[in-house]
Amino acid sequence: MEKTEFYRSLLAQVDAIIGSETDVIANMANVSAILFNSLENVNWAGFYRMVDGQLVLGPFQGQVACIRIDVGRGVCGTAVSTGQVQCIIDVHQFPGHIACDAASNSEIVIPVYHRGDVIAVLDIDSTEYGNFDEHDVNGLQAIVERLQQSFN
Ligand code: SME
């Protein structure tokens with residue numbers, strides 16, 4: 001299936017599963033399950049939440065992961081400090097990349113906003129180099145926007 005069509009279908013699934021639910025943790029849990037089970041070559045999908053100025057592990061699917069990440073550190077912390085999506089072709093070339101799972105070779109991190117602040121990040125790891133492109137950036141941003149609407 002073409003990626004644009006794939007993400008349209010994925011967004012419809014996310015929309016249906018969130019429905020009118022407003023609980024952040026529940027919605028993050030279901031979104032991580034949908035992404036982990038639908039995306040190709042993905043070995044980890046989940047959220048880190050901002051708690052007292054630090055990223056703390058949230059709902060996820062995959063292997064156990066590091067619990068706390070400082071803002072500005074690793075791919076996730078960089079997404080928070082810049083407020084920008086990080087689409088990393090080769091994580092081994094990313095200065096300060098935090099290797100939670102040695103099998104990860106590429107990664108995408110999308111900031112989650114609430115009232116203008118980054119309150120979490122969506123982090124997805126892949127075993128393949130360059131697994132994510134601009135279609136994934138756009139598709140995943142649309143999914144994060146739907147998540148944000150649930151609690152904004
Ligand atoms: N690789 C991330 C850390 C989180 S794990 O991938 C789940 C980073 O560099 O921020």
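Start at 1 and go down the list; that is how both ligands and their atoms are numbered.
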Check: Asp125 N/O within less than 3.5 Å of ligand 1 N/O:
yes
Would you mind telling me if ligand 1 is within reach of the side chain of Phe94, the backbone, both or neither, using heavy atoms under 4.0 Å?
neither
Rounded to the nearest 0.5 Å, what separates atom CG in Asp136 from atom OG in Ser126?
9.5 Å
Could you state the interatomic distance from CD (Glu107) to CG (Asn43), rounded to the nearest 0.5 Å?
9.5 Å
Do Gln54 and Asp70 meet the criterion of a side-chain donor-acceptor pair at a distance under 3.5 Å?
yes
Quick check for you: to the nearest 0.5 Å, what is the distance between Arg115 atom CZ and Phe151 atom CZ?
10.5 Å
Enumerated ligand 1 atoms positioned under 4.0 Å from heavy atoms of Asp123:
4 (C), 5 (S), 6 (O), 7 (C)
Under 3.5 Å between any N/O of Ile98 and any N/O of ligand 1: does that happen in this structure?
yes
Need the ligand 1 atom indices (1-based, order shown) with element for anything under 4.0 Å from a heavy-atom of His97.
1 (N), 9 (O)
Okay, side chain of Asn27, backbone of Glu21: is any donor-acceptor separation there less than 3.5 Å?
yes
Looking at atom 8 (C) of ligand 1, what's its closest protein heavy atom, distance included?
Val75 N, 3.3 Å
Ligand 1 atoms in contact with Gly74 (distance to a heavy atom under 4.0 Å):
9 (O), 10 (O)
Report yes if some N/O of Glu107 lies less than 3.5 Å from some N/O of ligand 1; otherwise report no.
yes
For Trp44, take its heavy atoms, then give the atoms of ligand 1 lying under 4.0 Å from any of them.
7 (C)
Quick one: CG on Asp90 to CD on Glu128, what's the gap to the nearest 0.5 Å?
12.5 Å
Check: Ala120 main-chain N/O paired with Tyr113 side-chain donor or acceptor under 3.5 Å
no
If only atom types and distance count, is the side chain of Asn131 paired as donor or acceptor with the main-chain N or O of Glu40 below 3.5 Å?
yes
So, is Cys76 polar-close to ligand 1, with some N/O to N/O distance under 3.5 Å?
yes
Region of Cys100 that comes within reach of ligand 1 [heavy atoms, distance under 4.0 Å]:
side chain
